[in-house]
Structures are given as C-alpha cells and as structure tokens.
Amino acid sequence: MAKEITSREADYSQWYNDLIVKSSLADYSAVRGCMVIKPYGYGLWEGMRDVLDKMFKDTGHVNAYFPLFVPKSLFEAEEKNAEGFAKECAVVTHYRLKSNPDAPGKLMVDPEAKLEEELVVRPTSEAIIWNTYKGWIQSYRDLPILVNQWANVVRWEMRTRLFLRTAEFLWQEGHTAHATKEEALAETVQMLDVYAKFAEEYMAMPVIKGVKTESERFAGAEETYCIEALMQDGKALQAGTSHFLGQNFAKAFDVKFADKSNKLDYVWATSWGVSTRLIGGLVMTHSDDDGLVLPPKIAPLQVVIVPIYKGDEQKGLIDNVVHPLVTQLKDLGITVKYDDSDAARPGWKFAEYEMKGVPVRIAVGARDLEQNIVEVARRDTKEKMQVGINGLAFYVKVLLDEIQLHMFNKAKAYRDEHITPVQNWTEFQGVLETKGGFISAHWDGTAETEEKIKEATKATIRCIPVDAVEEHGVCVFSGKPSTKRVLFAKAY
RNA sequence: CGGGAAGUAGCGCAGGCCGGUAGCGCACUUGGUUUGGGACCAAGGGGUCGCAGGUUCGAAUCCUGUCUUCCCGACCA
C-alpha cells in the first residue's frame, strides 16, 4: 500500500490535500502560499485551457498579453477596484540586489536601487489594460475590443489551499470595450453562458448561474455574474465570474469614443475570468476515496491498457492484439497509453491509474485472448465488463461518452438534492448544520441582513439565481418583504 | 495576521524528556523467481536530523531566532 489517502469521511480537507499530492497534480513549494503544478495537473489545465480558448475565439475574442507589473499610480486610478485589492497586493520597490558586507556570500536589497514609483504585481489587469485601451480607442469604429489574456496573477492570501486559493495562480481574464451599455451587458451574459457550458459539458460540474449581491460583487463592477458549484462536503465554490463594469474604468482612465454623430461618450466595459481554481472544483465534485475521477472530455489520459502475462511469449501475443487497438483508439481521437512497463505488476498499475482518475482501463491477459475478449473497467462506477475485441475501439468511444454523461448526472443529482428551500430562521440554521449545501431562502435585499446572517452562521449569499422566480415572501432573517429567493451556503 | 500542531533517507515514522557520531517500514539499485487488484528471496546504496545562531569537550536531542506546511479563527477567487 504505497499510496493511500485519507477518506473523505475521516477528514475532508486532508482527503483533498492527499489527493492532490498523491495523484501528482501539484506539490507544495519552497515559496509560502505558492504551489508547483506538476505535469499531470498542468496537463489538466492545458486541456481546460484549449477548450475555453476555442470557445473564446468562436465568440469573436482574440488573445493578447499585458505586463505583470502595474505602476501604483495606474493601479489606484479606479478607486473602488484599488481599495478592494489593496490588502493583498505584492509590491516591487527595488530593482537590484548587492553583496551583503555583513554576511559574506549573501545578498541584500540595494537601498540605492529604490524605484521612483512602486510597481504592483497584478492581482487583476483592469488598470494596465484600460490605460492601454485609451490609446486604442478614438471612434465607435474601434469598438468593440474583445481581448482575452492567459496569465498569472498574485493575491497575497493569508491562508492558502492547493488550487483553491494560492498566492499566485493561473487564469484567463477577458477585457472587452463596447459602444453601448446593452452590448456590454450582452457580452457579460454571453461569457457567463460560455463558462456554464464549459463547466457542465466538459468538466461535468453542474453550476448555478446567478448575480452577486453588492457585498460579494467585484470591486469596481456594476454587476457581477457568477457560476456557483457545490462540492461533496456541502460547501459552495465560486467557479467563474463575469463582470459588467459600466463606465467605471473608462471614466477612471478617460477612455472616450466618438459615436456616429461625433458625440463623445465613455466606453462600456466587461471583464471575466476563470482560474486554476477550477481544478480544485473538478477534484471536489467527482473524486472518491480511491483517488481522482476525471471526466473523459478533460482527462489528460482517457484510456490505459494494462497487459497481464507470464513470459515473453504471452507478452508477444498480447502485443499483437493491443498495438492495433491503440491505433484504432487514436484514430477515434481517444488518448490512450499502453502501459507495458515491466517495472510494476498489474495490481499496482490498477491502483495507480485509479488514483489518477483515468476514465477507462483495459486489462488484457492470456486468458482473455483465448476467448477473444478483454476486461474493461470504468473509473466512475468501478464496474468491470468483459468485452469482445472486435469493435472494442468503438465500444470504448461510446463508453467514454456514457461516463461523461453519468458523471454529470450524478453530480447534478447530488447538487439538486442539496438545494433546500426553507421558510424560517430555525429551518435555515437546522439545514445548514445538518445537511449543508445551498439553502434557497427569501432575503430582504439589505447588506445589513446579509452581514448578520454571515456572522451568525458563516453562510453567505452565493448568488441570486438568474432564473429565480418572482414570488412574494418574507425574509428568512428579518421578516421584511421579499420578491425572490436567493441561495445561501458556506463557501470556499 | 492571532491560536494550535509538525519538519529526522524519495514517502510514512521512531529516537528527543535523560546530549556521546542515526534507526524502522515502504520506495530505490543489482541478480533471480514472478505477473488476473498495490509480489517474493538475496545482496546493496542513500540522511550536513528544515535553516541560522548559541550552550557544551561533544547537539537530531538543550536554548534563541527564522523558514515551510497542516488545522482553527479574521480576510479573500
């Protein structure tokens, strides 16, 4: 038993940490709050990135890259945004080291090399980008600008967790500029839909589309849309956000355009992003006590083939069957690995690929060949099936689709069971303590009530669902009138 | 940033109170036997005990500082 992980029941947090490390997604690093994303974890991110990037391109966006550093004077231009991030900014103050005269062989910051103006390491890029857009935009003919960047950002978090919250993380941030409010709003909603589609169809992670309350809104935004997912421990995870920024950044950076009648107006803006946090969400949505469970559409490796043999003669016979199978699977666009390494025995390989969440495993032994079959095992349900070799590649292709669908349906069933409508404060507290998940409740719309509920229970309003129905009710906490239900939950 | 715990071979740990030149399991190397759920036998290799100071004839062990990680709070994606 070389690699065992803590069970979810014993300690959910420890299970998560064990899983990330033992499945080789990431490692802790020598830098406080920063992690190393290992090749398997990065492969997962690359797969997600490739799909999202295509979805962005298909909706008319292009990629660009802006600087890591933001001069402090630019950063503080949009005051609300700057204040919102001020407490977690890394700041570059010097540009040179020198030998330390008091400690031979050691270096020190050269006090003579102090920067004229401090550079903020971007926690997000609105400031540097809007400063740049000012030079790109004169007329309505220059609009819209639909730019995305894949980048790293830094937020100096006090308490970090692998993938979910690290000081540095990878993400994409879209920054668009529009001539009208309507167009910007449409863009905001469009990208929210892109995120939701990606989460559900590729990650098999069901999400609720909604709007943030004022206190949870992105600093500097007029409106923040979000997708919220539910983890297996009943806590919610904000998985992506899309912001309608109004004219806030255009005003802060003086970005005006001339419309068709040559009238000057400020540009309308959006920004939207998802990060490597999605990997944490993926892990906590599907995985079990034996390791990762990855949806086929995102899994870096979809199929692994393990030979079981005694001696070179049997190995040769198995090779004769497996090699054409590998070709057939690849021709169907399936990623496959034939693990015929002699370094580990079959049982060890089984456990290892289960830990890594490979969706389908095919075991081929001499006994199978006599009957012209193989053993196909699916990771999500742990089922094993005897399948004929003829037509096997196509069978696997269909099976991968079935696994993808089953994973989504299972996660959705769990999520739906954990959206609990409550009518009063007693029920609210009871559900939160015993069951967890989302609580659908009426709220009076005030930040005061929201804050008091948070203080009392640690639950926050995750979102006001976009499909919330209008109904008359009374606030679960204050008893004041309310027109729609919102979703509360404890959150990551 | 406050409270708690931890850091000794790649991983998991013992040793520490009572200072005397570091050990166990797994992993690794070589050879052999094996292979249908984390194989077995034999012989090997590998550690400035997180880092930096201090006490001492002598420090993994005692003292001080510091770094990193985990858990609980406050803050946040």
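Per chain, numbering begins at 1; letters A, B, ... match sequence-line order.
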Protein-nucleotides 2-10 of chain B N/O pairs closer than 3.5 Å?
none

Residues 288-307 of chain A side chain polar contacts: donor-acceptor under 3.5 Å, at least two apart:
| from | atom 1 | to | atom 2 | distance (Å) |
| --- | --- | --- | --- | --- |
| A/Asp288 | OD1 | A/Asp290 | N | 2.8 |
| A/Asp288 | OD1 | A/Gly291 | N | 3.3 |
| A/Asp288 | OD1 | A/Arg379 | NH2 | 2.7 |
| A/Asp288 | OD2 | A/Arg379 | NH1 | 2.9 |
| A/Asp289 | OD1 | A/Arg8 | N | 3.0 |
| A/Asp289 | OD1 | A/Arg8 | NE | 2.9 |
| A/Asp290 | OD2 | A/Lys382 | NZ | 2.4 |
| A/Gln302 | OE1 | A/Thr335 | N | 2.9 |
| A/Gln302 | OE1 | A/Thr335 | OG1 | 3.4 |
| A/Gln302 | NE2 | A/Pro296 | O | 2.9 |

Considering residues at least two apart in sequence or located in another chain, which fulfil the ring pair (Phe, Tyr, Trp, His ring centres under 6.0 Å) criterion with A/Trp443? none
With sequence neighbours left out, the residues meeting side chain to side chain contact (heavy atoms under 4.5 Å, CB included) with A/Gln386 are A/Asp368, A/Ile373, A/Glu375
Base, backbone or nothing for each nucleotide of nucleotides 70-77 of chain B, written B, S, -, heavy atoms under 4.0 angstrom, 5' to 3'? SSBBB-BB
Residues forming a side chain to side chain contact (heavy atoms under 4.5 Å, CB included) with A/Asn390, sequence neighbours excluded: A/Asn372
Ring pair (Phe, Tyr, Trp, His ring centres under 6.0 Å): which pairs involve residues 287-316 of chain A, sequence neighbours left out? none
Check side chain to side chain contact (heavy atoms under 4.5 Å, CB included) between A/Val21 and all other residues, then give those that pass, not counting sequence neighbours. A/Asp27, A/Tyr28, A/Leu162
Which donor-acceptor pairs under 3.5 Å do the side chains of residues 218-230 of chain A make with protein atoms, sequence neighbours left out?
| from | atom 1 | to | atom 2 | distance (Å) |
| --- | --- | --- | --- | --- |
| A/Glu222 | OE2 | A/Asn248 | ND2 | 3.0 |
| A/Thr224 | OG1 | A/Phe218 | N | 3.0 |
| A/Thr224 | OG1 | A/His243 | ND1 | 2.8 |
| A/Glu228 | OE1 | A/Arg462 | NE | 3.3 |
| A/Glu228 | OE2 | A/Lys212 | NZ | 2.7 |

Kindly write out the residues that satisfy side-chain hydrogen bond (donor to acceptor under 3.5 Å, both in side chains) with A/Asn63, not counting sequence neighbours, or none if the list is empty. A/Asp53, A/Asn148
Identify the pairs formed between an N or O of the protein and an N or O of nucleotides 31-34 of chain B at a distance under 3.5 Å, and give each distance.
none

Listed by chain and number, what are the salt bridge (charged side-chain N to carboxylate O under 4.0 Å, His left out) partners of A/Glu354, not counting sequence neighbours? A/Arg361
